[in-house]
Amino acid sequence: MNKLKTRFPDHFLWGASSSAFQIEGGWDEGGKGPTVADINSFKRSHLQADSKVASDFFHHWKEDIALMKEMGLNIYRFSIAWARIIPDGDGEINQAGIDFYNDVINCLLDNGIQPFITLYHFDLPYALVEKYNGWESRECVNAFERYAKICFETFGDRVTYWQVHNEQNLMVRVDERVNITAEDSWEADRQRAQMDYHMFLAHALAVKACHSIIPKGKIGPAVSSTCTYPESNRPEDVWAARLNDWFKTDYCLDMHYYGCYPGYYMRYLEERNIVPVMMPEDEEILKGAKMDFIALNYYRTLCVRYLPADDAHPVGERAFPINQVDFDQYGYFHHLKNEHLASSEYGAQIDPLGLRTVLNNYYQKYHLPLIVTENGLGTADTLTEDGKVHDDYRIDYLRAHILACSQAIEDGVEMLGYSPWTFMDLLSSHEGFKKRYGFIYVNRDDHDLKDMSRIKKDSFYWYRRVIETNGEEL
């Protein structure tokens with residue numbers, strides 16, 4: 001047994017995570033309406049699995065929660081599908097959806113597992129896109145506030161921990177996830193800035209509602225964390241690395257914490273002439289919403305050099321040499337590979353020390369408790385002829401990152417828990433079931449459902465022991 005020195009507080013929350021559209025299936029059952037995530041997944045149905053069945057948690061939830069209990073989870077972080085509660089986003093409440101989540105929550109509690117609920121994980125009801133162009137309209141903010149209050153009033157007697165949006169700072173970078181279809185890049189970024197602002201407003205309203213409706217409720221955001229290294233020690237490269245973190249993540253946390261955009265981000269909005277429309281009453285809402293913790297999702301670190309602007313590319317203009325998530329920005333930063341790190345099969349550069357870094361950065365800046373709500377290795381797994389999955393590579397990855405959490409705690413960081421991605425294999429947005437993250441193997445391929453059986457991987461038994469020993473045995 002590896003006797004790495006670790007230290008975790010009593011009552012540390014060991015969990016695992018998922019999201020509704022990636023795990024539930026039953027996409028049009030029980031009165032649920034279509035979502036942006038559904039529609040996006042259907043565009044790739046000919047290439048990979050979509051959200052229609054996913055991991056079929058909708059029909060297997062009792063069996064799956066029994067496995068969570070067997071693994072020893074303290075918490076299960078999952079999302080509620082807004083369109084299962086309100087199929088068209090802002091109309092009639094769907095009692096069948098309420099009943100489903102009541103059953104799941106009650107079963108979790110009966111098995112000694114705390115529900116940790118995300119209200120919005122990339123799956124905006126598609127009707128709100130058709131009616132309002134989604135988050136571009138304040139009507140979407142009003143609809144979300146109503147939805148959040150319904151959830152707090154319905155489930156808040158049993159649920160303490162809540163997340164508002166999952167990875168708003170990443171979601172808004174990806175046109176498809178917020179349903180931006182404008183071909184003109186300036187118009188797309190104008191819509192993006194307005195949508196981002198409205199999500200901030202919705203977040204603040206949800207935080208206020210939670211504290212009003214659930215006296216002991218704890219609520220916060222889940223951000224996609226960013227740790228960026230400079231290519232060199234040139235001052236311009238060091239500054240570029242800081243700007244990349246600020247533009248990708250820190251501006252979002254600042255908005256949640258302080259209720260206003262930091263100066264560098266407002267300068268960017270003004271440079272691009274895309275400052276969102278704000279109402280006078282918004283300032284009080286944004287500044288009065290005090291989050292109780294910060295949840296962070298962590299998978300990799302980044303590396304950049306300074307990217308100068310020129311006549312063809314003015315300051316602030318964005319470019320996408322890799323993907324929409326890791327955009328370049330003229331006058332700011334250009335991404336490149338860090339030669340000192342190994343990469344996963346899908347290109348994420350593996351860096352446990354980066355997790356220790358961001359935990360320290362966020363705690364030193366905001367002094368709020370932290371919880372990791374996503375962290376994991378997505379790769380192909382092999383089911384052996386005797387029905388086993390030997391995923392030592394996943395164990396190695398998680399062990400190194402749990403050790404980084406322990407080191408951050410020793411640095412003085414207050415951590416609530418660790419809830420990796422994910423409890424069981426589920427739908428990956430762009431790789432279907434080829435890219436697996438789970439402790440449980442779901443026996444299906446992209447276009448062959450097979451028997452959908454659940455098979456415990458080696459990492460299942462390893463993580464169970466980690467939980468049993470409160471992280472002492474890694």
For Tyr418 together with Phe12, are the ring centres under 6.0 Å from each other?
no

Glu167/Arg177 ion pair, N-O < 4.0 Å:
no

Any heavy-atom pair between the side chains of Tyr298 and Ser225 that's under 4.5 Å?
yes

Angle class for the Tyr366/Tyr362 ring planes (parallel below 30°, perpendicular above 60°, tilted otherwise)?
tilted

Without swapping roles, check the side chain of Asp282 against the backbone of Met279 for a donor-acceptor pair under 3.5 Å.
yes

Show your working on side-chain contact (heavy atoms from CB on, under 4.5 Å) between Tyr229 and Asp351 and close with a plain yes or no.
CA-CA 11 Å; Tyr229 304 124; Asp351 183 10; 2.5 Å; yes

From SG (Cys405) to CZ (Arg356), nearest 0.5 Å:
11.0 Å

For the pair Glu374 and Arg77, find out whether any cationic side-chain nitrogen is under 4.0 Å from an anionic carboxylate oxygen.
yes

Value rounded to 0.5 Å, distance of CE in Met171 from CG in Asp196:
9.0 Å

Would the distance check show the side chain of Thr6 and the main-chain N or O of Gly471 forming a donor-acceptor pair, the cut-off being under 3.5 Å?
yes

So, Arg190 and Glu187, do they make that salt bridge, N to O below 4.0 Å?
yes

Basic-acidic side-chain contact under 4.0 Å: Asp425, Arg444:
no

So, are Asp381 and Arg394 salt-bridged, with charged N and O less than 4.0 Å apart?
yes

Pick from Tyr306, Trp246, Tyr264: which one makes a ring-ring contact (aromatic ring centres under 6.0 Å, His included) with Trp239?
Trp246

Between Lys248 and Asp326, is the closest basic N to carboxylate O distance under 4.0 Å?
no

How many angstroms lie between atom CD1 of Ile440 and atom OG1 of Thr422, to the nearest 0.5 angstrom?
10.0 Å

Short side-chain donor-acceptor distance under 3.5 Å, Tyr441 and Asp391
no

Mutual orientation of the aromatic rings belonging to Phe327 and Phe333 [parallel < 30°, tilted 30-60°, perpendicular > 60°]:
tilted

Are the side chain of Arg305 and the backbone N or O of Ala240 linked by a donor-acceptor pair below 3.5 Å?
no

Ionic contact status for Asp458 with Lys388, cut-off 4.0 Å
no

Under 3.5 Å, is there a donor-acceptor pair between the side chain of Gln324 and the main chain of Asp175?
yes

Taking the six-membered ring for Trp, are Tyr265 and Tyr268 ring centroids under 6.0 Å apart?
yes

Heavy-atom check, side chain of Met255 versus side chain of Tyr261, under 4.5 Å:
yes

Once you round to the nearest 0.5 Å, how far does CG of Asp50 lie from CG of Asn40?
11.5 Å

When you measure from the side chain of Trp82 to the backbone N and O of His121, does any donor-acceptor pair fall under 3.5 Å?
no

Just so I know, are the side chains of Leu13 and Tyr161 near enough to count as touching, which here means a heavy-atom distance under 4.5 Å?
yes

Is the closest side-chain donor-acceptor distance between Asn297 and Ser224 under 3.5 Å?
no

Report yes or no: does Lys456 contribute a side-chain atom to a donor-acceptor pair with the main-chain N or O of Tyr461 at less than 3.5 Å?
no

What's the spacing between Asp189 CG and Arg192 CZ if we round to 0.5 Å?
4.5 Å

Do NZ/NE/NH1/NH2 and the carboxylate oxygens of Arg242 and Asp245 come within less than 4.0 Å?
no

Minimum heavy-atom distance Leu416-Pro369, with the two atoms named:
CG-CB, 3.7 Å

Here the gap from Cys227 atom SG to Leu296 atom CG, rounded to the nearest 0.5 Å, amounts to 11.5 Å

Centre-to-centre under 6.0 Å for Phe8 and Trp14, is that the case here?
yes

Taking all heavy atoms of Tyr463 and all of Pro420, pick out the closest pair and write down the distance.
OH-CD, 3.4 Å

Under 3.5 Å donor-acceptor, Asp310 side chain and Ala312 backbone:
yes

Just by distance, do the side chain of Ser17 and the backbone of Ser419 share a donor-acceptor pair under 3.5 Å?
yes

Can you name the closest pair of heavy atoms from Gln191 and Ala182 and give their distance?
NE2-CB, 3.9 Å

Please check: side-chain N/O of Gln48 versus main-chain N/O of Ser429, any donor-acceptor pairing under 3.5 Å?
yes

For the pair Tyr120 and His165, name the ring-plane relationship: parallel under 30°, tilted 30 to 60°, perpendicular over 60°.
perpendicular

Donor-acceptor check, side chain of His198 to backbone of Trp135, threshold 3.5 angstrom: yes or no?
yes

Residue list, ring-ring contact (aromatic ring centres under 6.0 Å, His included) with Phe78, at least two apart or on another chain:
Tyr76

